[in-house]
Q: 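This is the structure I have questions about; it appears just below.
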There are 2 protein chains.
Amino acid sequence: MTHQEHLPFLALSDSTRRTILLMLRDHNMTVAQVSENFDVTRAAVKKHLTVLPDGGLITTTKRGRERMNAPNPQGLAPVLDWLGFFDAFWDDRLTALKSGVIKVMQ
Amino acid sequence: MTHQEHLPFLALSDSTRRTILLMLRDHNMTVAQVSENFDVTRAAVKKHLTVLPDGGLITTTKRGRERMNAPNPQGLAPVLDWLGFFDAFWDDRLTALKSGVIKVMQ
DNA sequence: TAATCGCGATACCTTATGGTTTCATGTCCT
DNA sequence: AGGACATGAAACCATAAGGTATCGCGATTA
């Protein structure tokens, strides 16, 4: 069977991490800034901010005493590749998604 | 934050389940048939064959003493919807995926 | 320099998860 | 009817996962 990149799927399997990704899509954020948006402790958020780069979904760079977290869109590639195996099956919702993209490309 | 359908992501977070989905893409299969393709016990496979319909990714129908498992492509919709939030970020790989689709649509 | 700030890391707890074994039940076939 | 067959379900186990509290350390800043 085709080798599957597992870590990106694992990273996406948690609701908090998906929310973090959506937040980072709009603004790069430090660990503390991300933590402010959740009820759990900073340590818990920090753990998610370890799983996400493990899955290649974000990149982190240290700047002084803080660390910036930025989304890495290419990290979604393995997921997209996998979904690509279902080309022939995709439904109308995907078709709509695609058609939206087509407009952009033309 | 946007409500997120969690179960489909959960279902996709396990390698065995992803492999099962790829198998079912080609042929509908019974529990036993799916089990034949893995080293783990039938009971373990059966558990996966409970998580998958929970996530809406497969449908199961009982026929006599066996149960057929079939992929449900629409179950991927929540995942696709979520990925849609990253439209502006998507990389070349997705672009290629899309362009393949464009050919089909024209 | 001293106090504070942002992080990282560790130890620990609880629950979820994937796995096994075993047993029960309904179905098919002779 | 009786046996074989396909599945379902329960009890149990080990480990992974998400959470907490706590301590340590480099970087800032008063």
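Residue numbers start from 1 in every chain, and the chains themselves are labelled A, B, ... in the order their sequence lines are given, proteins ahead of strands.
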Q: Given A/His48, which partner from the list A/Asp14, A/Val40, A/Val34 fulfils the side chain to side chain contact (heavy atoms under 4.5 Å, CB included) test?
A: A/Asp14

Q: Check the phosphate of C/dG8 against A/Lys46, side-chain N and O only, distance under 4.0 Å to OP1 or OP2. Yes or no?
A: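 It does, given that an N or O in the side chain of A/Lys46 lies less than 4.0 Å from OP1 or OP2 of C/dG8.
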
Q: Would you mind reading off the distance between A/Leu7 atom CG and D/dA16 atom P, rounded to a whole angstrom?
A: 14 Å

Q: Could you walk me through whether A/Asp81 and A/Glu5 pass the side chain to side chain contact (heavy atoms under 4.5 Å, CB included) test, one step at a time?
A: CA-CA 10 Å; A/Asp81 285 350; A/Glu5 288 273 0; over 6 Å; no

Q: Summarise how protein sits on nucleotides 18-30 of chain D as a single string, 5' to 3': B when a protein heavy atom is under 4.0 Å from the base, S for sugar-phosphate-only contact, - for no contact.
A: BBBB----BBS--

Q: Hydrophobic clusters here meaning ILVMFWY residues chained together by side-chain heavy-atom distances under 4.5 Å, can you tell me if B/Val45 and B/Met68 are in one?
A: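 No, B/Val45 and B/Met68 fall in different hydrophobic clusters.
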
Q: Give the rounded distance in Å between these two atoms: NE2 of A/His6 and P of C/dG18.
A: 9 Å

Q: Between P on D/dA9 and CG on B/Leu49, what's the gap in Å once rounded to a whole number?
A: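 Roughly 13 Å, once rounded to whole Å.
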
Q: Applying the 4.5 Å side-chain criterion to the ILVMFWY set and letting contacts propagate, would B/Val51 and A/Leu10 be lumped into a single cluster?
A: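 Different clusters: B/Val51 never reaches A/Leu10 through Ile, Leu, Val, Met, Phe, Trp or Tyr contacts under 4.5 Å.
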
Q: Spell out, yes or no, whether B/Leu57 and B/Trp82 are grouped together once hydrophobic residues are joined by side-chain heavy atoms under 4.5 Å, including indirect joins.
A: yes

Q: Expressed as a whole number of angstroms, how long is the span from B/Asn28:CG to D/dA6:P?
A: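 Result: 18 Å.
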
Q: Looking at every strand, decide which applies to B/Thr30 at a 4.0 Å heavy-atom threshold: base, sugar-phosphate, or nothing.
A: sugar-phosphate

Q: Measuring only between side-chain heavy atoms, which start at C-beta, is B/Thr59 closer than 4.5 Å to B/Pro71?
A: no

Q: So, is B/Arg67 near the phosphate of D/dA6, with a side-chain N or O under 4.0 Å from OP1 or OP2?
A: no

